[in-house]
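All residue numbers in this chain count up from 1 along the given sequence. For the numbers below, each heavy atom of this structure counts, side chains included, while hydrogens, waters and symmetry mates do not. Note that ligands are numbered from 1 as they come in the structure, with each ligand's atoms numbered from 1 the same way.
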Amino acid sequence: MAQLQSRPAASRRSFLRSVGLTGGAGAMFATMGALGLAPTAQAAQREQPYRAPGPGDFTLTGRAAAKVVVVGGGIAGLTAAYELGKAGYDCTVLEARDRAGGRNFTVRGGDTTVDLYGNRQTARFTAGQYMNAGPARIPQWMVTLDYCRELGVPVEVFTNSNADAYLYNESAGMTAPVRYRTAKADVYGYVSELLAKATDKGALDAELTSADRERLMEFLKDWGELGDTLTYEGGERRGYSVVPAAAGTPGVLLGDVPAASEVFASGIGRYFSFEFGFDQAMLMFQPVGGMDRIPRALTKAIGAHRVRTGAAVTKITDTGGGVTVTYTQGGRTRAVDADYCVAALPPNILAKIPHNLGSGVQSALEAITPSSAGKIGLEYRSRWWELDHRIYGGITETDLDVTHIWHPSYGFHGERGVVIGYYNYGTDADAYAQLTPKERERRAVAAGVKIYGDAYRTELASSFSHHWRQTPHLEAAWHSTPGGPDHVRYRPLNEPAGRVHFAGDWLSYTDAWQHGAFTSARRAVTALHARVLSS
Ligand code: PHE
């Protein structure tokens, strides 16, 4: 995303920075509008809802659906073919990898990958177990859910935040993890105490009327569970060491409440704002059975015969009257001639493919930089996190190089499960990528043992790791588009270059989300179809 900053809480800002993304879409869009870089609020309000091309659009126009070659079979490319197909366009999708979906990649037992360093892995996950190596969570507002509905892909809740998951900051001296609920009780408790005391002493009198003051005090007492003397003394929000049960078992509250300075020193508060994020707030969703249900359903709707896998594009030529795309498949060079092309490859890959689309296109592509991210799936023989830790889904946050540990949001109470042992970015992801898959596993497990104990090692059945920057034909988890997608520098990509239209999440305000790919594809399809209808 662009470098323009929104006004997020420090944690969100640093989170976004750490993943190579900055600026919330809404805030950034508003800022850009103010700078005259983006369509104004009025223009945005006037924007028509998406209308899919239909065969009836050609009635009485004397025009007909054209032939379109789609370069790249990720979500943007598949969506372009799917939407154009609704009006009878003759689409061919060229996909370099052996499966469509792009970064939407679900790993199951038997799946094999080879990374750019030559590491070959075959997943040994047992039946029904999988990891989403790429996209894995969908907010309710994203168009991705509309596509799931339209394509008949069932969805279920993805647990993005869980009061019983852990926080662990080793660098702050923590020797044991703390549960979110405990951390929140303590941080909110002490922040409320301090603010209540300051308010009570009159420190905020210049800011508040006496009615405001009263209401603020009411709020703080409740928010921080403060006692009569406006002090935080812990309570049941922190949790129990023995949970309340039948008569005779009132429960035992968790041990000593740490002092305020200990709580602040632990740095645990930095994780809370994540769940306020417009794109990360619960509820979140996932397709039942794996994220790749989406590209599979798209491929089926398009017609599998139209999607050529193992087809690596070598040249894109605008011939004036059409487009010729050459590619290699099974060692042979082939070509597709079409009326139009939708180029839906990542910009860093597109930039390496010879074309005659102009230097403006090339320099725009080169201005967009790839980012790293990786994940490891750890299959366990038992669901010890449910049995021993009472954690059902959700994310444990750490300051270790594994960054995030995800508990599976499917298969609860089953025999086995796949934990995401790391989901990390940038230099952490690249450092793991440089290890052999076995070493990645060893390092990730050693980190997890610090938080969860020995079961993290002893119950492990197998692992599979995936790093996007090191994945052939993709070479990025997502991208950084300095200035945002509407910066004048990217105009050659937001307009057709001759007969080539561009699409991808990287040309959206929601890069690193399928929503960006879907909406960008819709934008390209709308422009292409309007052109065909009027030319
Ligand atoms: N969509 C990805 C995820 O949810 C990457 C991302 C992370 C995008 C954080 C924006 C913010 O993990």
N/O to N/O below 3.5 Å, does that happen between Tyr425 and ligand 1?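 N/O-N/O distance below 3.5 Å does not exist for this pair.
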Compute the shortest N/O to N/O distance between Asp511 and ligand 1 and return yes if it is under 3.5 Å, no if not.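 By distance alone, the answer is no.
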Answer yes or no on whether [X] is positioned over the face of [Y], meaning its NZ or CZ is under 6.0 Å from the six-membered ring centre and within 45° of the axis.
| X | Y | value |
| --- | --- | --- |
| Lys375 | Trp468 | no |
| Arg416 | Tyr380 | no |
| Arg97 | Phe105 | yes |

Quick one: which ligand 1 atoms are inside 4.0 Å of a heavy atom on Tyr423?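 The atoms of ligand 1 under 4.0 Å from a heavy atom of Tyr423 are 2 (C), 3 (C), 5 (C), 12 (O).
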Can you name the atoms of ligand 1, numbered from 1 with element, that are less than 4.0 Å from a heavy atom of Ala512?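 So the answer, numbered in order with elements, is 1 (N), 2 (C), 5 (C), 8 (C).
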Option passing side-chain hydrogen bond (donor to acceptor under 3.5 Å, both in side chains) with Ser465 (candidates Lys438, Arg440, Glu439):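 Of the listed options, the one satisfying the test is Arg440.
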